[in-house]
There are 2 protein chains.
Amino acid sequence: MELELLDNVLCKLKQNSSVLTGPGDDCAVVKIGGENLLLAVDQLTMDVHFTQDTSPERAGAKLVKRNLSDIAAMGGTPLWMLLTINNGGCSEKWLERFILGAENCAESYDVPIVGGDTSSMPGTGFSASITIAGRAETPVLRSGAQENDGVYVTGLVGNSFASGHHLDFLPQLDEGRFLSKYASAMMDISDGLLLDISRMARASRADFFIDPQKVLLRSGAALPGALRDGEDHGLIFTSCSDVRDEFTQRFPATPIARIGWVGSGRGVVWNLNNDQPFDMKNSGYEH
Amino acid sequence: MELELLDNVLCKLKQNSSVLTGPGDDCAVVKIGGENLLLAVDQLTMDVHFTQDTSPERAGAKLVKRNLSDIAAMGGTPLWMLLTINNGGCSEKWLERFILGAENCAESYDVPIVGGDTSSMPGTGFSASITIAGRAETPVLRSGAQENDGVYVTGLVGNSFASGHHLDFLPQLDEGRFLSKYASAMMDISDGLLLDISRMARASRADFFIDPQKVLLRSGAALPGALRDGEDHGLIFTSCSDVRDEFTQRFPATPIARIGWVGSGRGVVWNLNNDQPFDMKNSGYEH
């Protein structure tokens with residue numbers, strides 16, 4: 001199935017005046033009671049997002065953290081979650097452990113799971129989803145990149161699956177809120193650095209000029225594959241001010257790199273090593 | 001799988017002070033910007049909630065209306081939705097038609113779908129979920145029934161599946177908002193009248209005394225089965241004032257019946273025809 005095509009259908013859904021940002025960003029932004037409410041939903045499917053030998057607690061925590069990362073990407077604060085479970089063949093014990101993993105992780109961020117829905121599906125599969133709600137004073141969209149901004153990445157890139165990072169990562173909530181004061185555009189890296197940068201470039205209607213050598217790689221990762229691995233869950237942001245020194249003082253454990261800049265254009269991502277556009281075929285991990 | 005047991009796990013999840021009502025009601029109620037925000041999520045799975053020969057447009061609309069009915073049950077106004085699709089074997093065309101059905105229905109209620117997530121699952125299944133957000137000035141919970149209140153049901157009961165009502169029903173949003181001024185407790189009938197009444201009785205820590213002969217049956221429905229059929233999506237409410245005349249003037253197309261009263265107790269549902277508690281084994285349709 002062409003998920004990208006389906007996403008395009010979602011992105012064309014009609015909105016109304018209460019909606020500041022509809023489908024296509026890390027979160028939707030809607031207005032209620034004078035607040036910017038952030039809303040997002042993510043799914044986790046067995047044999048797609050985790051394997052059957054993953055501990056259910058870690059799988060549950062991963063689903064929570066993927067959603068927290070969507071809030072981080074807007075510079076927001078997470079508030080509440082809803083959990084759905086759709087179960088084919090998993091045992092009751094396994095399901096309870098999955099929910100416990102999700103709950104313990106959510107509680108450590110003081111984000112209560114306020115509701116949910118359980119359903120059974122034919123067959124042996126398992127799927128879960130979390131909807132997250134949050135707030136942001138000044139939500140940062142992926143469409144705001146300006147010509148001459150620098151392009152920055154926080155966290156390491158590549159080898160997320162083999163290293164276990166896709167289960168162990170920490171959503172960069174504090175980093176996202178700090179960066180929201182400086183970033184013109186921001187998103188989290190979920191489907192591969194290159195694919196996500198190209199989405200930011202198209203949303204911002206600007207060309208991005210990237211030096212792959214500047215990308216900070218996770219142990220065991222190598223170019224060019226690391227640019228296409230998924231689930232890094234660091235942040236990509238653009239800014240006209242270089243905040244690396246202050247960022248590093250505040251977040252010494254979070255690497256940050258300037259990997260390029262924004263130029264005029266319509267959404268092409270250029271490789272500064274050969275002055276050619278990156279080949280966007282099979283450019284990332286869609287799931 | 002024991003869904004009820006899993007629901008019990010969900011109901012015990014820890015909450016914080018921002019949460020007025022957590023898991024276990026038709027919607028969670030949380031506070032933001034001085035508003036009561038309602039949040040709920042519902043799933044729809046092929047071969048569970050609809051069959052493969054159901055038109056995808058009607059299935060998509062059903063999912064939207066199930067969620068609208070959760071808002072109606074709180075006396076609220078729906079505002080926004082998020083849609084997830086988890087697809088095994090359905091064609092792209094089928095998926096587009098499903099989304100179109102959901103969108104057209106949502107649009108007719110001026111509730112934009114502001115975001116979503118698409119994923120693929122191994123196998124041939126299909127599952128979708130919608131998260132709904134809304135607001136309510138005075139949300140009506142299922143836990144507020146008081147001794148000597150009357151017990152009322154709006155809409156007809158039974159034979160929902162064979163009659164197609166489970167696809168064609170209209171969520172009682174206007175009715176719910178009107179009743180929110182009078183009802184001490186309210187919920188929608190999703191898993192069977194008897195099972196849902198027993199949930200309201202337990203949540204309210206009161207016994208309910210019900211006369212099955214007073215229940216208004218849908219064409220083709222018969223007692224006692226109609227009490228256990230699911231997906232009627234009318235409203236059950238309790239009130240100390242008899243609003244039937246005013247209700248019928250405002251909503252002439254929506255039947256309303258007084259089917260019993262609330263007494264002291266701990267959550268037992270009594271059958272006034274034989275002065276025995278109803279047998280709650282296999283009392284409803286859980287899904």
Side-chain angles (χ1 to χ4, degrees), chain A residues 1-3 5-7 9-10 13-16 18-19 22-23 27-28 30 32-35 37 39-43 45-49 79-80 82-88 92 95-96 99 103 107 110 112-125 127 129 131 133 135 287, chain B residues 1-3 5-7 9-10 13-16 18-19 22-23 27-28 30 32-35 37 39-43 45-49 79-80 82-88 92 95-96 99 103 107 110 112-125 127 129 131 133 135 287:
Chain A
M1 184 185 50
E2 291 287 340
L3 286 181
L5 198 138
L6 249 196
D7 287 336
V9 175
L10 282 183
L13 297 176
K14 284 179 203 144
Q15 305 301 314
N16 68 20
S18 67
V19 182
C27 295
V30 296
I32 183 167
E35 298 266 7
L37 178 69
L39 294 170
V41 61
D42 251 323
Q43 300 177 88
T45 302
M46 186 180 275
D47 295 327
V48 176
H49 300 97
L79 296 173
W80 308 288
L82 301 167
L83 173 67
T84 72
I85 302 280
N86 197 351
N87 185 50
E92 208 169 84
L95 295 169
E96 283 190 26
I99 295 174
E103 184 193 14
E107 201 187 332
D110 192 26
I113 298 170
V114 298
D117 186 57
T118 56
S119 180
S120 49
M121 67 163 100
T124 60
S127 173
S129 76
T131 301
R135 66 153 64 90
H287 51 146
Chain B
M1 185 186 47
E2 291 287 338
L3 286 181
L5 199 137
L6 248 196
D7 287 336
V9 175
L10 282 183
L13 297 175
K14 286 179 200 141
Q15 306 301 315
N16 68 21
S18 67
V19 183
C27 294
V30 296
I32 186 167
E35 297 267 7
L37 179 68
L39 294 170
V41 61
D42 251 322
Q43 301 178 85
T45 301
M46 187 180 274
D47 295 327
V48 177
H49 301 97
L79 295 172
W80 309 289
L82 301 166
L83 173 67
T84 72
I85 302 280
N86 198 351
N87 184 50
E92 207 168 84
L95 294 169
E96 282 189 27
I99 295 175
E103 184 193 16
E107 201 186 334
D110 191 26
I113 297 171
V114 298
D117 186 57
T118 56
S119 180
S120 48
M121 66 163 100
T124 59
S127 173
S129 76
T131 300
R135 68 154 61 91
H287 49 146

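So that the names make sense, note that chain A is the first sequence line, chain B the second, and so on, each numbered from 1.
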Contact winner vs chain A - [options], heavy-atom pairs under 4.5 Å:
{"options": "B:Ala133, B:Pro122, B:Gly34, B:Ser129", "result": "B:Pro122"}
{"options": "B:Gly116, B:Pro23, B:Gly33, B:Ser127", "result": "B:Pro23"}
{"options": "B:Ile32, B:Leu79, B:Leu83", "result": "B:Ile32"}

Among [options], which residue has the highest count of heavy-atom pairs closer than 4.5 Å to chain B?
{"options": "A:Asp110, A:Asn86, A:Thr124", "result": "A:Asn86"}
{"options": "A:Arg135, A:Glu103, A:Met46", "result": "A:Glu103"}
{"options": "A:Val19, A:Asp42, A:Asn16, A:Leu37", "result": "A:Asn16"}

Q. Can you tell me how far CD of B:Gln15 sits from CD1 of A:Ile113, rounded to the nearest 0.5 angstrom?
A.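 One finds 8.5 Å between CD1 of A:Ile113 and CD of B:Gln15.
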Q) Mind checking what makes side chain to side chain donor-acceptor pair (under 3.5 Å) contact with B:Gln43, not counting sequence neighbours? A) A:Asp117
Q.
Going by the rule side chain to side chain donor-acceptor pair (under 3.5 Å), which residues pair with A:Asp47 if we only count those two or more places apart in sequence or in a different chain?
A. A:Gln52
Indicate yes or no: at least one non-hydrogen side-chain atom of [X] is less than 4.5 angstrom from one of [Y].
{"X": "A:Met121", "Y": "B:Val48", "result": "no"}
{"X": "B:Val30", "Y": "B:Leu39", "result": "yes"}
{"X": "A:Ile85", "Y": "A:Ile99", "result": "yes"}

Q.
With a 4.5 angstrom heavy-atom cut-off, is it the side chain or the backbone of B:Ser18 that approaches chain A, or both, or neither?
A.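 Both parts, heavy atoms under 4.5 Å.
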Q. In terms of heavy-atom proximity below 4.5 Å to chain B, should A:Thr45 be classed as side chain, backbone, both, or neither?
A. side chain
